[in-house]
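Just so it is clear: chains get the letters A, B, ... in the order the sequence lines come, proteins before strands, and each one is counted from 1.
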Amino acid sequence: VNTTESSSKSQRDRDALLATWSDRPGFIGWLASVDHKRIGLRYIATALVFFTLAGVLALLMRIQLSRPENHFLSPDQYNQMFSMHGSAMMFLFAVPIMEALAIYVVPLMVGARNISFPRLNAFSYWVYLFGGIMIFAAFFLNIGPEAGWTAYVPLSSSDFSPGKRTDFWAQMITFTEVAALCVAVELVATILAMRAPGMTLRRIPLFAWSMLVTSLMIIFAMPAVMLASTFLITDRLIGTQFYNAAEGGDALLWQHLFWFFGHPEVYIIFMPALGIISSIVETFSRRAIFGYTAMVMALIATGFLSFGLWVHHMFATGLPPLGNSFYTAASMMIAIPSGVQVFCWIATLWTGKPRAGGRIAVPLLFVLGFFALFVLGGMTGVMLAAVPLDLQVHDTYFVVAHFHYVLIGGAVFPLMGGLYFWFPKFSGKLLGERLGRWQFWLFFIGFNAAFFPMHLLGLMGMPRRVYTYPAGLGWELPNLIASVGSWIIAVSVALFVVNVVLTLQRGKPAGDNPWGAPDLSWATSSPPPPYNFEQMPAVSGREPLWPLDRELSVMTGLATDKREALLTTPMEAAPATRWAMPDPGLWPLWSALALTVLFVWSIFSPWGVVWGAIPVALALTVWFWPRRSQPSLGGDA
Amino acid sequence: VQSALSPAGDQATAILGVWNLTLWICLPMYVLVVLALIWSLRQKPDAVPSDQVLTRALLGFVVLTAALLTAMTIGSYVADRRLHASVDDPIAIRITARQWWWQVEYDDPDPSQRFTTANELHLPVDRPARIELGTADVIHSLWIPALGGKEDLIPGRNNVLVLTPRRIGHYRGQCAEFCGLQHAHMALDVQVNDAAAFTAWRTHQLTSAAPPTSASAIAGEKLFGRLACALCHAIQGTDAGGHSGPDLTHIASRRTLAAGTLPLDRATMAAWIIDPQKHKPGATMPAVPLQAQELSAIVDYLMGLQ
């Protein structure tokens, strides 16, 4: 009798929660959604579309470079394409997709009902989407960026890049900045204030730790590029002279500001990947990660050090040699925390049972690929830290090889592993195993074919960002191999798309926790209901779901008839208060649209900032207009 | 010709030393990590190392990494000192980069010993060259891999690159900092000669342009002055005195055309003049409409400027 009663109460709770947390049906409901899972998936899908577009540009460039003195692309097309490829990969794919994954996974991992600022989250997605559409529309209208993703002045100044191309680029930066900063703030607040009771700082899953450090880095790094691009825009549009040496400005100021952001940027891309790897390695090793404390300290150390390295992008600019040496030492030092993490993962695998399930699972396969590629890229990074060696290989294909090894090997391989790992969480279905293996091996082989020869090309004197090259310097064969490799990667990415489509159509149900993973994101159904958890989980250890047959303790007391979240203290995650979370709404969308009008208008006239600010202010005012709601502070949450 | 792996000068040799040092430290470490990874995937015996053992191994690994990084940092520092060592009796050169070519000025305390050329750099072997670097427009980077590392040419800054060639031969340099549409076609032809050959070249460069001899070449000289050419190009000893394009006083003695875009001979010279945009789209040189006869006269004239 008791069981029946409690199960019917539980059913009532579920119905009430579903009614409270569901989006309204239909297209409007879809637009108005503030569910972190829906927005996270949208973000991931959008980022993958931009990844594909930027990848197609890379294929076209590789056709152009497959033989010397080729005329497949004009220099203008080539320059726009490599600028667009870099900008889109960095600003529209790499950073957003890592944040997107976190938007989906982190609230589940810490046991929260939603992300901390759900409407800001929706706003962030719309701003990101509109910024991406704007820059690709500009590109297809032949007003795409042309000065590289680094846009060095004075090449990007109005004297040497007249027209609107660079203005669109600079404004795209502004869009993605706004979006990235919003998400960073949400993630910091979610991780620090919304963790499940009992999830003290030393019990936070490493993926959430890595996102916390990443988000703090975004908050500190992005203002530098915001400043840099704003100076650039005002130099171009209203005649300021921040970068004009002839008028007392300084061309190197751009490089300092840009790389003060740009170097942390690559760690902003790479750190979430470290978190993904920790999740995958721990799950498939069937043991708690070795050296948790060392890993957390390594993440924090990397975060700090990454702000002290930017000058190694500027060794050839003639800065004082002694100063350069300090940056050499600092750049070398960052290999230590990376080495610690690699050691801890291998030690975890070494003492765990990565082959308990027979063959090596696809997510782990991608992580193993990460080791082979990233360690190599890390070592060429150490080489680039040495000033004299950098003076030879800086701005050559050696650098191109290096950063693709660390960004694709270090971030995209773990990301792919992460997508295979969390796909059952997203959809309730497991991605095809056989296609997954094919995808991995094609990616791995294609990647090495495409990028390993570039090390040699750089040492043989081939500068980067050249649209063609002469015959007779020994560059023909490595370039041809690289071009073939790029197409193998394309086949691999196509297989991923096929795998996703087939799986969504007729994949087999995965069950709630198909990998036997230990963190809270697997403590609910797959895919999770709109309210994430029926009752708030409470944890007493670092791996709350291990052993797998264990009963999870829960905490009751949150309202089911209104959107209520549990806030906990930052250090000890002791329950602190209940918090009324906002309902879905369209005002984030209208605000993002108004902001888009302002940003695009300001490309053409400074008055766009003035008149465009009015709709933005109106939209934000309505968005934040106080509504009558039951006070929910205090109480016995 | 353009490889950092076959050095022909002190600076490039010092840098290759750093390459070898880092390569031979990193390669074994890489192999070690990959082997450890493969070994970690084997089917396990029952007994695996305890976490205490792993912690000790981690500490050892950190110490080893730190020691190797320190070794590489010191190696890098020592080599960097060699690159910035002061040199005796250097030959003084000033290179000014422009979109998309190199202006090369040989300096001398005696003004009559100064001269200007373009897209070619001649150096005497075994004597250091002190090259001052400037730019007339955007940031460029001068890179001659066989002789040494690169150095940027930045508006408002005076950078200096010291190169000490040790092997006679032809080398190729190229702009290494993206500088716009024709960044790919901005090469520098470098010739290292023995002291006597260098002095002979220098003496010849100091002379004015050879007066044209054939009727066609004489007509060519007139056309050069009458058409747009002389607005941008200088030819010493004639009225042509423009400075926004390369100095052509001894153009026919160079090996390449348009900053390495084409090898220099009669046919390429004609093809270049009739349509520069075909070979180097975006270059600042316009196509000047010419009759076949006029073109041939100008080519005769220029190819006589040995």
Side-chain angles (χ1 to χ4, degrees), chain A residues 74-76 79 148 152 154-155 160 245-246 250-252 290-291 294 316-318 321 325 328-329 332-333 335-336 339-340 342-344 346-347 349-351 353-355 360 368 371-372 375-376 379 382-383 386-389 391-396 459-461 463 465-469 473, chain B residues 1-5 14-15 18-19 22 26 29-30 33-34 36-37 40-41 43-44 48-49 51 54-55 57-58 61-62 65-66 69 72-73 75-77 79-80 83-84 137-139 141 143 145 149-152 154-157 159 174-184 281-282:
Chain A
S74 74
D76 183 48
N79 292 348
Y152 275 13
L155 182 63
F160 300 103
D250 186 0
L252 273 192
F290 164 73
T317 57
S325 307
T328 295
M332 297 255 181
M333 212 176 358
I336 293 178
V340 166
V342 167
F343 183 96
C344 290
I346 293 183
L349 289 166
W350 190 293
T351 51
K353 298 186 180 64
R355 295 171 74 163
I360 290 168
L368 298 179
F371 283 108
V375 174
L376 200 154
M379 297 206 163
V382 166
M383 294 173 173
V387 178
L389 200 47
L391 292 178
Q392 277 289 21
V393 292
H394 174 68
D395 266 330
T396 70
L459 290 166
M460 286 161 73
R465 297 175 164 179
V466 289
Y467 77 93
T468 190
Y469 54 92
L473 293 170
Chain B
V1 192
Q2 191 168 336
S3 174
L5 297 174
I15 296 175
V18 183
W19 163 254
T22 54
C26 289
M29 285 302 280
Y30 181 73
V33 171
V34 172
L37 183 69
S40 73
L41 297 173
Q43 298 287 0
K44 299 293 168 5
V48 289
D51 279 12
L54 291 179
T55 307
L58 172 60
F61 181 75
V62 169
T65 318
L69 291 170
M72 288 189 283
T73 307
S76 159
Y77 181 72
D80 199 39
L83 300 189
H84 290 95
D137 37 56
V138 303
I139 299 177
S141 190
W143 185 35
K150 60 182 67 65
E151 187 82 14
D152 291 352
I154 302 170
R157 307 231 161 204
N159 283 341
Q174 194 167 353
C175 178
E177 179 68 63
F178 179 63
C179 57
L181 214 49
Q182 281 298 339
H183 167 58

What part of [X] gets closer than 4.5 Å to chain A, counting heavy atoms only: side chain, backbone, both or neither?
| X | value |
| --- | --- |
| Ala57(B) | both |
| Trp143(B) | side chain |
| Val62(B) | side chain |
| Asp137(B) | both |
| Leu41(B) | both |
| Tyr77(B) | side chain |
| Gln174(B) | side chain |
| Phe61(B) | side chain |
| Ile15(B) | both |

So how far is it from [X] [atom1] to [Y] [atom2], rounded to the nearest 0.5 Å?
| X | Y | atom1 | atom2 | value |
| --- | --- | --- | --- | --- |
| His183(B) | Asp395(A) | NE2 | CG | 7.0 Å |
| Thr22(B) | Leu389(A) | OG1 | CG | 5.0 Å |
| Ile139(B) | Leu155(A) | CD1 | CG | 8.5 Å |
| Asp51(B) | Thr351(A) | CG | OG1 | 6.5 Å |
| Met379(A) | Met29(B) | CE | CE | 5.5 Å |

Option in [options] with maximal non-hydrogen atom pairs under 4.5 Å from chain B:
| options | value |
| --- | --- |
| Val466(A), Leu459(A), Thr468(A), Leu349(A) | Leu459(A) |
| Val387(A), Leu376(A), Val342(A) | Leu376(A) |
| Pro154(A), Ala246(A), Ala347(A) | Pro154(A) |

Answer with side chain, backbone, both or neither: which region of [X] has an atom nearer than 4.5 Å to a non-hydrogen atom of chain B?
| X | value |
| --- | --- |
| Val375(A) | both |
| Val393(A) | backbone |
| Ala386(A) | both |
| Leu473(A) | side chain |
| Tyr467(A) | both |
| Leu368(A) | both |
| Thr396(A) | side chain |

Donor-acceptor check, side chain of [X] to backbone of [Y], threshold 3.5 angstrom: yes or no?
| X | Y | value |
| --- | --- | --- |
| Lys150(B) | His394(A) | yes |
| Asp152(B) | Gly318(A) | no |
| Gln392(A) | Pro145(B) | yes |

Give the C-alpha distance, both sets of side-chain angles, the deciding distance and a yes or no for side chain to side chain contact (heavy atoms under 4.5 Å, CB included) between Asp250(A) and Arg157(B).
CA-CA 9 Å; Asp250(A) 186 0; Arg157(B) 307 231 161 204; 2.8 Å; yes
Option in [options] with maximal non-hydrogen atom pairs under 4.5 Å from chain A:
| options | value |
| --- | --- |
| Asp80(B), Val1(B), Val18(B), Thr65(B) | Asp80(B) |
| Gly156(B), Ala79(B), Pro49(B) | Pro49(B) |
| Gly282(B), Ala184(B), Ala66(B) | Ala184(B) |
| Cys26(B), Gly180(B), Ser40(B) | Ser40(B) |

Please determine whether side chain to side chain contact (heavy atoms under 4.5 Å, CB included) holds for the pair Tyr152(A) and Val138(B), giving the CA-CA distance in whole Å, both sets of side-chain angles, and the decisive distance to 0.1 Å.
CA-CA 9 Å; Tyr152(A) 275 13; Val138(B) 303; over 6 Å; no
I'd like to check [X] versus [Y] (side-chain heavy atoms, cut-off strictly below 4.5 Å). Are they in contact?
| X | Y | answer |
| --- | --- | --- |
| Trp350(A) | Val48(B) | no |
| Val340(A) | Leu58(B) | yes |
| Phe290(A) | Thr55(B) | yes |

Can you name the closest pair of heavy atoms from Leu37(B) and Phe371(A) and give their distance?
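Scanning both residues completely, I find the closest heavy atoms to be CD2-CB, 3.5 Å.
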